[in-house]
> 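I have a structure here, written as structure tokens, and I will follow up with some questions on it.
Keep in mind the model is a prediction, meaning the values are calculated, not measured.
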Amino acid sequence: MSGEAKAVSTMESRLAGSALAISAIAIGGKLCGFGEKIVVAKYFGATGASDIYFAVMGMLWSAVFVAKELVHPSLLPVFSGTLAGAPGRSDGLFQKMFGWVLVVSMAGSAVVLIGAGAIVHLLLPGFDPPRAQAAASLLRGLAPGAVLLSLMVVTYTCLNARRRFAVSAMGETGLRLIMVLGLAVLAPFWGLGSLGLIVAFAGAACLLFHMWFLPEARGMAAMRPAGPIDGEASAVGRLIGPLVVGVALSHANGLADNLLASLLPPGQLSCLGYAKKIIDAVLLIGPTAVVTVVWAHASALHAERRWEEMTALIHKTMRLLLYVSVPLSCILIALAAPLTKWLFQRGRFDAQAGQATAAAVAVYGLGLACFAMEGLFVYAFYAMSDTRRPVVVGAIFVFVDVGLAIVLMQRWQYLGIAAAAVLAKSGKVLLLGLLLRGKLGVAFSAGLCRFLATLALACGIGAAAAVVCGTLAAGYAGLRWSGMTIPVSLLAGAGAFLASSGLLDMREPRSLWSLIHAALGRFLALGRATNVS
């Protein structure tokens with residue numbers, strides 16, 4: 001094997017190993033996330049109480065994700081640079097960022113504690129007085145936990161800079177596990193009021209877990225002196241600057257969806273929340289894990305001026321994401337109703353709520369490929385130190401999304417909000433792809449039209465097989481009552497898709513298998529699934 005081929009093989013092995021480790025941990029986290037939603041569905045169904053849960057927790061996660069999307073792309077490359085510098089510089093940068101985030105998050109929590117009622121009135125105008133009062137009380141209870149979750153963003157970023165992807169992901173999974181266990185135990189007694197205590201305890205435990213594995217955090221606890229980092233801190237500030245407006249608008253988009261949904265009859269906001277949970281789970285288990293790892297490697301290739309390799313990496317990742325997400329979209333649409341029933345329909349979550357949620361899953365499923373591609377395109381720009389273009393494009397399509405939602409909800413209510421999100425995201429991805437092609441050249445999208453046509457044919461065959469086999473399986477009482485209809489459909493659809501894509505001479509099945517094989521081989525050789533270097 002030539003030196004270049006060996007280097008490519010080694011990089012693919014590292015990418016695959018890291019992505020597989022994150023995916024495996026993310027599966028556990030998403031199982032816990034589903035467990036949380038199952039508990040909510042059981043005790044609160046799709047009612048006014050569950051609307052409060054989804055709306056207020058949406059505010060909490062929006063605040064945390066704003067911190068993550070500001071800190072992660074700005075701190076990661078600068079912190080990575082300090083690791084190769086003089087001793088103490090990484091310690092100093094970590095301490096400075098930890099302190100900044102602590103001060104800002106505490107100030108934000110103080111605003112929430114004082115003005116929770118005004119915030120609910122502004123963001124959830126459709127809530128009647130009892131629901132508004134309950135939402136404000138829950139928001140105040142979550143404020144202390146939000147500080148701890150924001151600090152986890154700093155430790156998460158620094159662990160990823162050290163390429164301890166599995167450890168950082170395990171902290172987030174542990175957070176979800178503690179939350180679902182706490183909610184299952186306390187919700188029957190304290191209802192939604194228990195969420196504040198649960199989030200605070202989970203945030204503290206998982207922050208300490210992250211800090212245990214981060215040398216800079218241990219140094220801070222031991223009062224280890226840090227080197228001067230004025231230049232690095234300024235570099236982080238310069239990278240954060242262009243992100244502020246775009247990130248704020250991006251999450252204002254989600255809050256605007258909840259605002260509009262609050263004007264609809266009780267329960268419809270919850271149906272959107274349950275549907276988003278299913279879509280987010282699919283994205284996090286596969287595409288998000290891959291994009292997280294690819295971004296780190298693309299940034300390194302760009303810094304080393306290996307632009308052709310970076311372009312090839314992004315192109316290959318784009319095709320793999322499409323190869324996986326498009327058939328998943330077909331399967332979600334075809335099996336939305338039985339999947340929703342299987343996951344949530346128990347307790348107060350009745351058949352009517354199941355049908356309404358399944359409709360939202362099908363609508364969101366139409367945009368699954370675009371949801372997957374968005375992260376890759378945005379992070380491709382970030383890898384080239386270009387934060388301006390994705391921010392401008394994102395800001396434009398926030399207004400497109402809100403405008404479409406206002407128009408479409410007049411006819412289709414909550415499904416109009418979901419359809420607006422899909423249409424706006426599709427437009428955003430298309431424009432980002434065109435801009436990225438302009439920066440990377442024709443090689444970025446070579447042969448894409450032929451690939452998409454072949455993929456569409458293979459997906460049609462797989463979707464037909466899934467529907468036919470699922471219908472046949474439902475005719476047998478044993479399968480129907482044992483819950484095996486969905487697995488039979490999924491296996492049939494996946495098998496038909498893989499077989500047809502192989503017969504159509506697509507190279508993605510071989511690439512996917514090579515990555516899985518490389519990851520498994522790396523795990524067996526190293527005997528561990530953490531700290532992929």
> How close do Ala418 and Leu272 get, counting heavy atoms only, and between which atoms?
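Looks like CB-CD2, 4.1 Å.
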
> Work out which heavy atom in Ile198 is nearest to a heavy atom in Leu183; give both atom names and the distance.
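Answer, listing the atom of Ile198 first, then Leu183: CD1-N, 3.4 Å.
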
> Is a side-chain donor or acceptor of Ser270 paired with a backbone partner of Asp51 at a separation under 3.5 angstrom?
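Here the side-chain-to-backbone pair exists.
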
> Over 60° means perpendicular and under 30° means parallel, so tell me whether Tyr323 and Phe497 are parallel, tilted or perpendicular.
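Tyr323 vs Phe497 ring planes: tilted.
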
> Could you check if a side-chain atom of Phe54 sits within less than 4.5 angstrom of a side-chain atom of Asn258, using non-hydrogen atoms only?
no

> Could you measure the distance from the OG1 atom of Thr155 to the CG atom of Leu208? Nearest 0.5 Å is fine.
10.0 Å

> Less than 4.5 Å apart, side chain to side chain, heavy atoms only: is that true for Val363 and Trp412?
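Val363 does not reach Trp412 side chain to side chain.
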
> Parallel under 30°, tilted from 30 to 60°, perpendicular over 60°: which one fits the rings of Phe349 and Phe344?
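The rings of Phe349 and Phe344 sit tilted, inter-plane angle from 30° to 60°.
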
> Checking Gln345 now: which residues fulfil side chain to side chain donor-acceptor pair (under 3.5 Å) with it, not counting sequence neighbours?
none

> With a 3.5 Å distance limit and no angle check, can you tell me whether Gln410 reaches the backbone of Ile406 through a side-chain donor-acceptor pair?
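Yes, the answer is positive, given that a donor and an acceptor are paired below the 3.5 Å cut-off.
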
> Is Arg411 reaching over with its side chain to a backbone N or O of Val407, donor-acceptor style, under 3.5 angstrom?
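No.
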
> Less than 4.5 Å apart, side chain to side chain, heavy atoms only: is that true for Leu192 and Ile52?
yes

> With distance as the sole test, does Tyr414 use its side chain to make a donor-acceptor pair with the main-chain N or O of Ala356 at under 3.5 Å?
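Side chain of Tyr414 to backbone of Ala356, a donor-acceptor pair under 3.5 Å: yes, one is there.
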
> Would you name the heavy atoms of Ile417 and Ala261 that are closest together and state the gap between them?
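It is CD1-N, 3.8 Å.
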
> Within the 4.5 Å heavy-atom criterion, are Phe201 and Ile178 side-chain neighbours or not?
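Yes, side chains in contact.
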
> Are any of the side-chain nitrogens in Arg131 or Asp128 under 4.0 Å away from the carboxylate oxygens of its partner?
yes

> Are a donor atom and an acceptor atom from the side chains of Glu374 and Tyr379 found within less than 3.5 Å of each other?
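Short answer, no.
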
> Can you name the one residue among Pro327, Cys330, Ser329 that meets side-chain contact (heavy atoms from CB on, under 4.5 Å) with Leu368?
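The side-chain contact (heavy atoms from CB on, under 4.5 Å) with Leu368 is passed solely by Ser329 among Pro327, Cys330, Ser329.
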
> With a sphere of 6.0 Å drawn around CD of Gln133, does it hold more than 12 non-hydrogen atoms of other residues, nucleotides or ligands?
no

> Apply the side-chain contact (heavy atoms from CB on, under 4.5 Å) test between Val101 and each candidate in Val154, Val147, Val153; give the one that qualifies.
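Per the side-chain contact (heavy atoms from CB on, under 4.5 Å) rule, the option paired with Val101 is Val154, out of Val154, Val147, Val153.
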
> Got a second to check how far Met318's CE is from Met373's CE, nearest 0.5 Å?
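Result: 5.5 Å between the selected atoms.
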
> Taking atom types as modelled and ignoring hydrogens, do the side chains of Ser105 and Ser150 form a donor-acceptor contact shorter than 3.5 angstrom?
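On atom types as modelled, these side chains do not qualify, holding no pair under 3.5 Å.
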
> If only atom types and distance count, is the side chain of Thr357 paired as donor or acceptor with the main-chain N or O of Ala353 below 3.5 Å?
yes

> Any chance you could lay out the side-chain contact (heavy atoms from CB on, under 4.5 Å) test for Leu142 and Met57, step after step, and finish with the verdict?
CA-CA 9 Å; Leu142 292 172; Met57 290 298 288; 3.8 Å; yes

> Atom CG in Leu376, atom CG in Leu432: separation rounded to 0.5 Å?
10.5 Å

> Calculate, to the nearest 0.5 Å, the distance between atoms CE and CG belonging to Met409 and Leu404 respectively.
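Rounded to the nearest 0.5 Å, the CE-CG separation comes out at 13.0 Å.
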
> Tell me yes or no: between the side chains of Tyr364 and Lys425, is some donor less than 3.5 Å from an acceptor?
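No, no side-chain donor-acceptor contact under 3.5 Å.
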
> Report the distance from atom CG of Leu283 to atom NZ of Lys276, rounding to the nearest 0.5 Å.
13.0 Å

> Check whether any side-chain N or O of Ser500 sits under 3.5 Å from a backbone N or O of Ala496 as a donor-acceptor pair, and report yes or no.
yes

> So, do Leu149 and Leu175 sit near enough that their side-chain heavy atoms are less than 4.5 Å apart?
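When only atoms from C-beta onward are counted, Leu175 and Leu149 do touch, with a gap below 4.5 Å.
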
> Please lay out, stage by stage, how Tyr274 and Ile278 fare under the test side-chain contact (heavy atoms from CB on, under 4.5 Å).
CA-CA 7 Å; Tyr274 290 122; Ile278 294 175; over 6 Å; no

> Using the ring of Tyr156 (Phe, Tyr or Trp, six-membered ring only), decide whether Lys68 places NZ or CZ under 6.0 Å from its centre and within 45 degrees of its axis.
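Yes, Lys68 lies over the aromatic ring of Tyr156.
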
> Please evaluate residues Arg140 and Ile114 with respect to the criterion side-chain contact (heavy atoms from CB on, under 4.5 Å), reporting the C-alpha separation (whole Å), side-chain torsions for both, the decisive distance (0.1 Å), and the verdict.
CA-CA 8 Å; Arg140 291 189 188 95; Ile114 296 170; over 6 Å; no

> Are any non-hydrogen side-chain atoms of Ser426 and Val422 less than 4.5 angstrom apart?
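Of all side-chain heavy-atom pairs linking Val422 with Ser426, at least one is under 4.5 Å.
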
> Flag the pair Asp280 / Phe371 as yes when at least one side-chain heavy-atom distance between them is below 4.5 Å, and no otherwise.
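With C-beta onward as the side chain, the pair stays apart.
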
> Measuring centre to centre across the rings, with the benzene-like ring taken for any Trp, is Phe377 within less than 6.0 Å of Phe381?
no

> Can you confirm if the NZ or CZ of Arg164 lies within 45° of the ring axis of Trp212 and under 6.0 Å from the centre of its six-membered ring?
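Geometry flag: not set, cation outside 6.0 Å or 45°.
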
> Taking it one step at a time, do Tyr43 and Ser50 satisfy side-chain contact (heavy atoms from CB on, under 4.5 Å)?
CA-CA 9 Å; Tyr43 291 113; Ser50 59; over 6 Å; no

> Quick one: are Ser194 and Phe189 in side-chain contact, heavy atoms under 4.5 Å?
no

> How long is the straight-line distance from OG1 of Thr317 back to CG of Leu322, given to the nearest 0.5 Å?
11.0 Å

